[in-house]
Each structure stands twice: as structure tokens, then as C-alpha cells.
There are 2 protein chains.
Amino acid sequence: MSSASLPTSVYKLIKLWSRLPGVGEKTARRMVFFLLKQDPEWVAEFIRTVKQVKDDTHHCSECGNITDIEPCSICRDKMRNRKIMCVVESDEDCISIEQAGIFNGLYHVLGGQVSPLDEQDIPEESIEKLKERVVDLKIEEIILATAPRIEGDLTAFAIQEALKSIPVKISRLSYGLPVGGSIGYADRVTLHMAMESRKEMQ
Amino acid sequence: MSSASLPTSVYKLIKLWSRLPGVGEKTARRMVFFLLKQDPEWVAEFIRTVKQVKDDTHHCSECGNITDIEPCSICRDKMRNRKIMCVVESDEDCISIEQAGIFNGLYHVLGGQVSPLDEQDIPEESIEKLKERVVDLKIEEIILATAPRIEGDLTAFAIQEALKSIPVKISRLSYGLPVGGSIGYADRVTLHMAMESRKEMQ
């Protein structure tokens, strides 16, 4: 975009905002113009909260989840099933599963995935911490909730390998058709997986 | 989303961010988690720029466009064609046209549209200012670039009515198929408009 007719700060904020995930320059522009229309109080609160989020949060020293207390609210919750642990790649994935309300055990956030093409790997200390926790907490089942793609498969295999000397059941989320989707829109690989994992009806 | 497992500030920022145009709670969450991963310096600059945008800009007293100088860079540009004026609903629309590089005249930002269902109207002072500018600047052509929908039509008619006592040519952007689209995806109304406005090939 030409910056000629835009105030410098507006142009700069559009550029900064475009760095956010899934935001192109047009979307960034819409957001900046939205901010311009808000009350100064709203913008001040937005600024305050961005600062707070950055200043007041850290990763839980136990599970790696984002938190403002230590350990996090999930790790300290005695009502949860402390014998089952869901391993995710990121704190964002953890929130998705929490929001779905489908799991009541503990989490372990890896903070990375195995991705040879991007030269990325699971942080070593995160794997060590997982092994330590599985033993100390006497975990009975590990559920691998890594991404449903190649990197997620490699990550799952790496965790399986790391835990092979520890007697714990390891499972992984199933592949298949997304609920509410349609056969016509499903991709070939998903259809193949759904066919392979087909279940007999009762 | 349950806030139980999220730090308060994170939950609050997701809620604030969801208010932005085109952002649902999932997108807001992705953005907040993106921020959490950034350097403190990047976040500090982001905060500074949001504040600057709000503090340093205002609407040009001449055309109503967003600016940090008075009058704005477009109004003061002597190289532009000062006999032709493009009337838009918002400063955002003005930036879109500027970015396209298809117009070299002046602008007038209405700051509203006629929308009976939402009980909205063009601000009266904006119409008065437009009439005053058309006369004072001896504008020869007004191009109405209002939205291609009912509210934009009503807005265009309102401006036409307001200017009827002033001898100035008034035109409006054409309706038709969007370039790069396909016939199959065009909606019925657009196809109808494109048919009505068809042009003889040379």
C-alpha cells in the first residue's frame, strides 16, 4: 500500500497487524480503522490488556500451559483425573480441547513438533519433563493429541519412542470424517483414513 | 469459552479482540497466542503504535479523511485534479480507492450511509460541507463511490438530491462482474446488473 495518503502511525500499525496469523493487509486495515472508530477508553483498555497478557503470564513449570498462577489451574485441580494425560503440541491446542469439554485429565504441552523440513523438533527438556511426570504421577494412559498431519505423526512417534521404557498405555486421537462435514468435500486422504478406521455398527 | 483454565488477562484480551471486524473467538484466540509468542519489544511497539494511531490522528476538516496533518495530504496536494471529487461513505473506502491508484482528484468522506433499517443517516454537517466545497472549489464532476448495495443506492440518491440546485455533473461507479471472478460464482443480482449494463464490443 502506498503510505502517501495515510498517517504514518496508521500505516505502521497496519504493517504490524499484518504479521498476526491469518491477517492480510486488507484485514489489518479493517481492524485499524475499527480501532480508530472506538472510544478512547476502549482502546486504552485494549492496550492495557495486551500489556497485561504479556506481563502477567508464563508457562506452567509442570505442564507448560499458559498461566498466571504457578502451577496452573489445571495442574492444581484435585477434581481432575490425575492418572490420564493428554499430550499436545501447543498451549493453544490445550485450550481447544479444554473448550470442547471432552477431557478431564492432565495435560503436557510439548511446545514444539517434529518437523524436519522446518528443522524444528520437540524441545529436549519438554520430553524429559514428560517422562519425569509420567513416572512421578503414575500416569496410566497418555493420549497423544498431536496435529492430524505428517508433523503430528512424527511427533507422536517421537513421544512413543521416548516413553518406550515406561509401562504406560499410549493412545492417539482417531482420524476420520469431521462431524458436520460432507463426503463430497472430504479430501482423499481423510476419506482413506475414515475407510481404514471404519467401525462396525451395533 | 470457559475461563477456568485461562489466565484472566488472556481471557479478557480474547474477548476484546473478538469485537474486531471479521474476528470470531477462535481467530481472536490465535491472535492472542501469537502475541504471547512474540518478543516483549514487538509487543511494546505494537502497544505504542495502537496508542499513537489513536492519539495522533483526526479527521481532515476539509474532506473528512483520516490524517495526522491539517488539512490532509490529499487536500493539500496541488498535483491532483481539483475539479473532480469522489464521494465515499468512509475513510476506509477512500484508502481502497487510493490504493488502487485509479483516481487523482479530491475526496469527500461522508462518515455514514443512509440505512433506514439501522436508523442511520449521513451526518447533516457532512452534506453541508460537501455542498460548500463543491461550490467553493468549483467542482465539475462528483463521482459517487457508495457501497454496491441498497444502503449505497439510498446514500447516492440522498447526495444527488442534496446537490440538485448546484450545476455539477454526478456519476456513479458501475455495477457488473468482479474482475477475476467467474460467471458460475456470480450472484443473480450481479449477473442481472452485468447484463443490463452490457457494452458493445468494438
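Naming convention: chains lettered A, B, ... in sequence-line order (proteins, then strands); numbering from 1 in each chain. From a predicted model like this one, the values you see are computed outputs, not experimental measurements.
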Test side-chain contact (heavy atoms from CB on, under 4.5 Å) applied to B:L173 - qualifying residues, sequence neighbours left out: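 side-chain contact (heavy atoms from CB on, under 4.5 Å) check on B:L173 returns B:I143, B:A145.
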Contact origin within A:R19 toward chain B - heavy atom pairs under 4.5 Å: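 Both backbone and side chain.
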Which atoms of A:L20 approach chain B - backbone, side chain, both or neither, heavy atom under 4.5 Å: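 Interface part for A:L20: both.
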Proximal to chain A - members of residues 78-85 of chain B, heavy-atom separation under 4.5 Å: none
Residues 30-45 of chain B: residues contacting chain A (heavy atom under 4.5 Å, by number): B:R30, B:M31, B:V32, B:F33, B:F34, B:L35, B:L36, B:K37, B:Q38, B:D39, B:P40, B:W42, B:V43, B:E45
From [X] [atom1] over to [Y] [atom2], what is the distance, rounded to the nearest 0.5 angstrom?
X: A:D68; Y: B:T8; atom1: CG; atom2: OG1; result: 5.0 Å
X: A:E92; Y: B:K26; atom1: CD; atom2: NZ; result: 10.0 Å
X: A:K12; Y: B:Q52; atom1: NZ; atom2: CD; result: 5.5 Å
X: A:L13; Y: B:I47; atom1: CG; atom2: CD1; result: 11.5 Å

Structural part of B:S96 lying under 4.5 Å from a heavy atom of chain A: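 Both the backbone and the side chain of B:S96 come within 4.5 Å of chain A.
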Chain A interface, residue from B:N65, B:I74, B:V23, B:T57 that has the most non-hydrogen pairs under 4.5 Å: B:T57
Residue among B:D91, B:D77, B:I69 with most heavy-atom pairs under 4.5 Å to chain A: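 Answer, by heavy-atom pair count under 4.5 Å with chain A: B:D91.
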Pairs satisfying salt bridge (Lys or Arg N to Asp or Glu O under 4.0 Å), at least one member in residues 54-64 of chain B, at least two apart: B:K51-B:D55, B:E62-B:K129, B:E62-B:R133
